[in-house]
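Note that the structure is predicted; figures quoted are calculated from it, not measured.
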Amino acid sequence: MELAHTVDMMLSDDPIERLKAEYYQTQNRVDELRTFLRAVEDGEKDLPPNTTYNLLNRQYQTMLVYLNILEERLELLHTKNTLVVESWM
């Protein structure tokens with residue numbers, strides 16, 4: 001889902017919708033960073049000034065952990081049925 005499509009979700013009064021939007025936004029950013037890192041590895045792109053590959057890779061790894069936490073939160077809400085959550089993925 002593109003970032004632009006998550007705006008209404010982020011502005012929702014429903015915390016579950018906002019959580020879904022946060023998940024989609026983070027997924028988008030993770031995908032973009034992964035694509036960029038692969039392009040750097042393949043010599044197709046250069047790193048920005050004052051940035052190292054290792055730093056960006058650490059950021060990517062941290063973002064994956066955060067994405068997994070968001071996913072777990074959504075799964076718990078869906079599995080435990082504490083809130084009515086439609087299929088979110």
Side-chain angles (χ1 to χ4, degrees):
M1 177 178 290
E2 292 184 27
L3 290 177
H5 295 128
T6 64
V7 172
D8 288 339
M9 294 169 76
M10 285 303 291
L11 298 174
S12 173
D13 290 334
D14 181 0
I16 302 305
E17 285 300 303
R18 292 194 309 271
L19 181 60
K20 290 179 192 178
E22 187 173 353
Y23 174 85
Y24 292 133
Q25 290 172 358
T26 304
Q27 179 67 62
N28 185 279
R29 290 181 176 105
V30 165
D31 291 344
E32 288 179 8
L33 183 53
R34 178 179 49 236
T35 299
F36 177 75
L37 288 171
R38 286 183 180 158
V40 169
E41 289 172 2
D42 295 341
E44 299 168 2
K45 295 212 178 209
D46 294 323
L47 290 169
N50 302 319
T51 303
T52 66
Y53 180 88
N54 286 340
L55 181 63
L56 289 179
N57 192 51
R58 281 187 14 230
Q59 177 182 339
Y60 172 70
Q61 296 301 322
T62 301
M63 290 172 73
L64 284 176
V65 171
Y66 180 59
L67 185 66
N68 287 332
I69 290 169
L70 293 174
E71 189 170 340
E72 277 186 52
R73 289 178 61 199
L74 286 164
E75 287 294 331
L76 281 173
L77 289 170
H78 182 72
T79 303
K80 299 218 181 243
N81 206 15
T82 54
L83 297 170
V84 177
V85 180
E86 296 178 33
S87 177
W88 60 275
M89 293 186 87

Taking the side chain as every heavy atom from C-beta outward, state whether [X] and [Y] have any pair of such atoms under 4.5 Å apart.
| X | Y | value |
| --- | --- | --- |
| Leu67 | Met63 | no |
| Ile69 | Tyr23 | no |
| Leu19 | Leu77 | yes |
| Leu64 | Tyr60 | yes |

For Leu56 versus Leu37, what's the shortest heavy-atom pair and its separation? CB-CD2, 3.7 Å
For a quick test of reading the model, state the closest non-hydrogen atom pair linking Phe36 to Asp46 and the distance between them. CZ-O, 3.5 Å
Rounded to the nearest 0.5 Å, how far does CG of Asn57 lie from CD of Glu41? 8.0 Å
Measuring from atom OG1 of Thr26 to atom CG of Asn68, what distance do you get when rounded to the nearest 0.5 angstrom? 11.0 Å
Judged by atom type as modelled, is there a donor-acceptor pair below 3.5 Å linking the side chain of Thr6 to the main-chain atoms of Met9? no
Under the 3.5 angstrom rule, does the side chain of Arg18 hit a backbone N or O of Leu11 as a donor-acceptor pair? no
Heavy-atom neighbours of Arg73 CZ exceed 12 at 6.0 Å: no
Going by an N to O cut-off under 4.0 Å, is there a salt bridge joining Lys20 and Glu17? yes
Run the side chain to side chain contact (heavy atoms under 4.5 Å, CB included) test on Leu33 and Arg29 for me, step by step, so that the C-alpha distance in whole Å, both residues' side-chain angles and the decisive distance to 0.1 Å come before the verdict. CA-CA 6 Å; Leu33 183 53; Arg29 290 181 176 105; over 6 Å; no
Could you check whether Gln27 and Asp31, counting side-chain N and O atoms only, form a donor-acceptor pair closer than 3.5 Å? yes
